[in-house]
Q: 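The following block contains the structure, expressed as structure tokens.
Whatever order the structure lists ligands and atoms in, that order sets their numbers, starting from 1. Nothing here was measured: the structure is a model prediction, and the numbers come from that model.
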Amino acid sequence: MILSKEQVEKNNKGNWSIHKKKYEFISGEIDNAEEVLRKLTAFQIAIPSWALGTGGTRFGRFGGGGEPRSLEEKIADIGLLHALTGSADAISLHIPWDIPSKAENIKALAKENGLRFDAMNSNTFQDQPGQKLSYKFGSMQHVDKAVRKQAIEHNIQVIKYGQELGSKSLTVWLSDGSSFPGQLNFRKAFQNTLESLQEVYSALPGDWKMFVEYKAFEPNFYSMTVGDWGQSLLYTSKLGSKAYTLVDLGHHLAHANIEQIVALLLMEGKLGGFHFNDSKYGDDDLTVGSIKPYQLFLIFNELVEGMDAKKMNHATDLAWMIDASHNLKDPLEDLLQSLEAIKIAYAKALLIDRKKLVEAQNNNDVVTAQEILHDAFRADVRALVAEARLRAGATLNPIAVYRKEKVRDHLIKERGSKTMATGL
Ligand code: LRH
Ligand code: MN
């Protein structure tokens, strides 16, 4: 369903005056409103092609209807998210869930919707129909060289699909590991995996990046062969300068200090990007900022500080992607909330008085240091984020417009109430 410029303007007109009042207040409170707006507008987040339908757990799935039945319909849904927010100009594809059959058409359709292709994702955590060798006991770690070869060839095929679409990066998440002590020789598993990644790395086009995503547990529950940031950093350091670590917020053991991990990976020049989501227990893949909004703010604090220290471009030098799964909410509303939470955390981090913070840190003035962070975290930046949307030609209140335009009803009428999108 396309959202026309007229619909955007009509909906914004109703909220314009109250928005302007709120915007004038917050922009009056800060001295870098224009710079913050420029950075907010430029900051684009990729939408996962595997999160446009209703997810499920092993206990059940409760579909909401109107789900995309093809990659073309997924592109239309992401195009709608971008029209509503001006913040989601990219798709991250997962292969083979979303193989671009006619790449030229898919590329043209994405362009029509103002979209580009971000990181490609390979999948050696499921066995596909007709697949020769099983990944039951892993893929790149596997004791059988033929299974490792199959996984390597799959990743190289994924790079080829990405090249046809203009993508410039490959994300490798391996479910490899073990669920019982004694099942696996950790050293051999690491070396097999490194060897396999090296073969994929050597097939990377010159201007591509490889993201190695780590995860502490699931689907293996004793060891994961890329189990934490240290292991991922070991791989990416041995692979070479085009290999980076990808941080999925839900892939940590309880109480991990993710903002410290981010600061150190940035310092090493080995942070490649993010899979944003939120969680209370495991890899819950919940709406971004719905459980730990302060942690998300602290992560963006380290990102802004670390990227400025390296004179990096906030919008383009790291890969910003959402990786969520929707069990209870309308998938598109859930993604709209996640986009808002990411922009709000980034805006607050841009308000931190860095000079005063360094001073407080150098004086070991713990209270002042914390108060400086709280001043930014407790600021209401919603009007700033809304003004950035307005200047991008998008809507002031995306979810309100999504509901007022009865988008889900339209999609159900167009696609049916029982359709099921590929993905998680
Ligand atoms: C693994 C993961 C990975 C994807 C998958 C869909 O938990 O985060 O990024 O391949 O979810
Ligand atoms: Mn992920």
Q: Is the ring pair Phe276/Phe274 parallel, tilted or perpendicular, if the boundaries are 30 and 60 degrees?
A: parallel

Q: With heavy atoms only and a cut-off of under 4.0 Å, state how Glu218 meets ligand 1: side chain, backbone, both or neither.
A: neither

Q: Are Lys329 and Gln337 close enough that a side-chain donor and a side-chain acceptor fall under 3.5 Å?
A: yes

Q: Return the residue, atom name and 0.1 Å-rounded distance of the protein heavy atom closest to atom 6 (C) of ligand 1.
A: Leu424 CD1, 3.3 Å

Q: Please determine if the Mn ion (ligand 2) has an N/O/S atom from His275 lying under 2.8 Å away.
A: yes

Q: Would you call Lys136 and Asp127 a salt bridge, taking side-chain N to carboxylate O under 4.0 Å as the test?
A: no

Q: Can you tell me which residue and heavy atom of the protein come closest to atom 8 (O) of ligand 1, and the distance to 0.1 Å?
A: Asp323 OD2, 2.7 Å

Q: Is the shortest N/O to N/O distance between His251 and ligand 1 below 3.5 Å?
A: yes

Q: Testing the 3.5 Å rule here: is there a donor-acceptor pair between the side chains of His142 and Asp176?
A: no

Q: Considering only N, O or S atoms, which atom of Glu213 is nearest to the Mn ion (ligand 2)?
A: OE2

Q: Going by the atom numbers of ligand 1, which of them fall below 4.0 Å from some non-hydrogen atom of Trp50?
A: 6 (C)

Q: Could you pull out the atom name of the N/O/S atom in Asp323 that is nearest the Mn ion (ligand 2)?
A: OD2

Q: If we ignore angles and hydrogens, is there a donor and acceptor under 3.5 Å between the side chains of Gln7 and Glu405?
A: yes

Q: So is Asp248 in contact with ligand 1, going by heavy-atom distances below 4.0 Å?
A: yes

Q: What atoms in ligand 1 come closer than 4.0 Å to a heavy atom of Glu213?
A: 2 (C), 3 (C), 8 (O), 9 (O)

Q: For the Mn ion (ligand 2), find the closest N/O/S atom on Asp248 and give its atom name.
A: OD2

Q: Between Lys348 and Phe377, is NZ or CZ placed under 6.0 angstrom from the six-membered ring centre and within 45° of the ring axis?
A: yes

Q: Evaluate Ser122 for polar contact with ligand 1, using N/O atom pairs at a separation under 3.5 Å.
A: no

Q: Between Trp97 and His94, what is the ring plane arrangement, given parallel below 30°, perpendicular above 60°, and tilted in between?
A: tilted

Q: Give yes or no for whether the N/O distance cutoff of 3.5 Å, strictly under, is met between Asn121 and ligand 1.
A: no

Q: Verify whether one side chain among Glu195 and Asn192 offers a donor that lies under 3.5 Å from an acceptor in the other.
A: no

Q: Report, in ascending order of atom number, the atoms of ligand 1 lying under 4.0 Å from any heavy atom of His275.
A: 9 (O)

Q: Using a 4.0 Å cut-off to any heavy atom of Asp283, which atoms of ligand 1 qualify?
A: 7 (O)

Q: When you look for heavy atoms under 4.0 Å from ligand 1, do you find them on the side chain of Asn123, its backbone, both, or neither?
A: neither

Q: Is any NZ, NE, NH1 or NH2 atom of the basic residue among Arg415 and Asp77 found under 4.0 Å from an Asp or Glu carboxylate oxygen of the other?
A: yes

Q: Does any donor atom in the side chain of Thr287 or Asp278 lie under 3.5 Å from an acceptor atom in the other side chain?
A: no

Q: Is there any N or O on His94 that sits under 3.5 Å from an N or O of ligand 1?
A: yes

Q: Can a cation-pi geometry be assigned to Lys343 and Phe43, taking NZ or CZ under 6.0 Å from the six-membered ring centre and within 45° of the ring axis?
A: no

